[in-house]
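Whatever order the structure lists ligands and atoms in, that order sets their numbers, starting from 1. This one's a predicted model, so the numbers in the text were calculated from it and none came from an experiment.
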Amino acid sequence: LAHAMSHAPYAARRQALLERLGDGIAIIPTAAEKVRNRDTHHRFRFDSYFWYLTGFPEPEAVIVLVGGAAPRSILFCREKNEEREVWDGYRYGPPAARETFGFDEAYPIDEFDQRLPDLIADRPTVWHALGLDPAWDQRLMAAINVVRGQVRAGRRAPTTFIDLRGALDAMRLVKDAHEIDVMRRAAAITSAGHLRAMRACRPGMAEYELEAEVAYEFRRRGASGHSFSPIVAGGHHACVLHYIENDKLLPEHGLVLIDAGCELEGYAADMTRTFPVSGRFSPAQKDVYEVVLAAQQAAIDAVRPGVPFNAYHDAALRALVQGLVDLGALEGSVDGLIESEAYKPYYMHRAGHWLGIDVHDAGEYKTGEDWTTLAPGMTLTVEPGLYIRPGSAAPAHLHGIGIRIEDDVLVTADGNEVYTSTPKTVADIEETMRRD
Ligand code: GLY
Ligand code: MN
Ligand code: MN
């Protein structure tokens, strides 16, 4: 099977993790297949930690990393099976998987429970994502109990259990060159999807028609699909943050908010654009839009190495609150309104999150009272918004306007790189949507 991948970046991550294990052992399974209904399964999605360390796409697989003087990385996976391959498709099988994915050893997954006690014996520490999957916790404890039963044969059972997620989350927070390349491409595909929807939009269309335009472009360009359920929200539905029904007619004179991102080679993009269904902003829509855009630009400008994660949220918040005062939705000093959180009816989420294999990616935001300091390779979204619900206390002509603008941003050595690129100024959007 042509699989144009190099295992080098994944092997390098395993090596980096092995160096942290001491004499310990780490066990990282991929995700379980999930029944959708009756005998039909959801499309398989690997576990994100497993993917980070392997690039191995099949279900029913586990890796075991054995630290110490002679470190080994071992893959357990399905054996080849002609009959199953007729029904479900190609399987590598252990020998080809070992070669292709750069493992030291590979064995059939059916031998896992029998081999695990020997691997664990005399290892002082077990690293595992404890509590993530109770079935796996049990399986590990069963193996450990086998070793405990062998003490008179001189074997020692591990005494220390460490949640592997701490080490892996810290690694995943800073993207390597391979990840940066994939995420740039995921963002480019996502930008093309949003651009296609922006160009296709016409009064009289339904939300799902724009969803289809976005999905078409994602798949056409080779993304595996969406990295989260896409939001296509016409008019006041944009004020519902997790609106995913996408089943209403678009309002002829309203805005539409699209929050969608593709998944490419296991990595997420996450992007939002908001534009007028008619192709022309009304004065009120434009006023609110310009506030959100200025807040987003202020936030992007605050993304650089050496500053706390929260700095760009603060920059966005300050600009949004000033804008709400200018729009007549709030009264008072910006500092006072931030202190009293009077903006919360109109802006209730944070300005962004880590982005990577998961759309809300692994990585600490805060340690105790201290925000994580941005460093090159960290990747995040910048996504301020304003949501002026019908019936809110804001001036009536603003009611029903919901706007978010979201881009994907890499922290670089001297500032940042914005990955996503669909037009977002009022002039550029109107130009892109012009039909004459
Ligand atoms: N689409 C999910 C988010 O923006 O966080
Ligand atoms: Mn989003
Ligand atoms: Mn987001």
Side-chain angles (χ1 to χ4, degrees), residues 45 48 172-173 175 179 183-184 186-198 207-208 210-211 213-215 217-218 223-234 237-246 255-264 266-275 289 292-293 295-297 299-300 302-303 309-310 312-313 315-317 320 346-363 365 372 374 378-387 402-411 416-424:
R45 169 55 159 76
S48 295
R172 284 175 55 185
L173 181 54
K175 275 62 183 174
E179 296 182 286
M183 292 188 73
R184 239 186 225 128
I189 292 171
T190 298
S191 300
H194 281 264
L195 180 61
R196 184 185 181 90
M198 199 179 271
E207 292 164 345
Y208 49 78
L210 294 185
E211 180 184 328
E213 298 290 340
V214 171
E217 203 63 38
F218 287 2
S224 58
H226 293 277
S227 65
F228 56 91
S229 296
I231 296 167
V232 182
H237 298 296
C239 299
V240 178
L241 295 181
H242 293 160
Y243 177 85
I244 54 171
E245 289 85 353
N246 306 349
L255 299 172
V256 57
L257 179 156
I258 302 180
D259 184 351
C262 77
E263 184 172 272
L264 179 74
Y267 283 79
D270 180 13
M271 181 179 187
T272 307
R273 287 292 182 264
T274 309
F275 53 88
Y289 190 89
V292 178
L293 185 63
Q296 204 228 11
Q297 195 54 57
I300 290 173
V303 175
F309 172 80
N310 206 40
Y312 80 93
H313 175 77
L317 182 59
L320 289 173
Y346 308 112
Y347 178 57
M348 59 300 280
H349 60 75
R350 301 199 55 81
H353 49 82
W354 305 129
L355 182 71
I357 301 178
D358 296 314
V359 62
H360 295 168
D361 203 36
Y365 290 95
T372 300
L374 296 186
M378 293 182 182
T379 306
L380 46 82
T381 66
V382 179
E383 51 176 309
L386 285 179
Y387 313 93
I403 293 168
R404 179 166 62 255
I405 307 170
E406 176 175 27
D407 285 301
D408 300 347
V409 180
L410 169 72
V411 182
N416 67 64
E417 174 186 334
V418 180
Y419 284 153
T420 33
S421 63
T422 308
K424 62 178 174 181

Angular separation of Glu406 OE1 and Asp259 OD1 about the Mn ion (ligand 2), given to 10°
100°
[Y] backbone acceptor or donor facing [X] side chain under 3.5 Å:
{"X": "Thr274", "Y": "Arg404", "result": "yes"}
{"X": "Tyr208", "Y": "Leu210", "result": "no"}
{"X": "Thr420", "Y": "Ser191", "result": "no"}
{"X": "Glu207", "Y": "Glu245", "result": "no"}

So, 2.8 Å as the limit: is an N/O/S atom of Glu383 located closer than that to the Mn ion (ligand 2)?
no
Write out the residue and atom name of the closest protein heavy atom to atom 5 (O) of ligand 1, then the distance separating them to 0.1 Å.
His360 NE2, 2.7 Å
With heavy atoms and a 4.0 Å threshold, my read on which part of Asp270 contacts ligand 1 is side chain
Output yes when Arg184 and Asp408 qualify as a salt bridge under the 4.0 Å nitrogen-oxygen rule, no when they do not.
no
The Mn ion (ligand 2) - name of the N/O/S atom of Asp270 that sits closest to it:
OD1
Can you list the atoms of ligand 1 that are under 4.0 Å from a heavy atom of Glu406?
4 (O)
In terms of atom number and element, which parts of ligand 1 are under 4.0 angstrom from non-hydrogen atoms of Phe228?
1 (N)
Of all the atoms in His360, is at least one N, O or S atom closer to the Mn ion (ligand 3) than 2.8 Å?
no
Measure up the Phe309 and Trp354 rings against each other and bin them: parallel (under 30°), tilted (30 to 60°), perpendicular (over 60°).
tilted
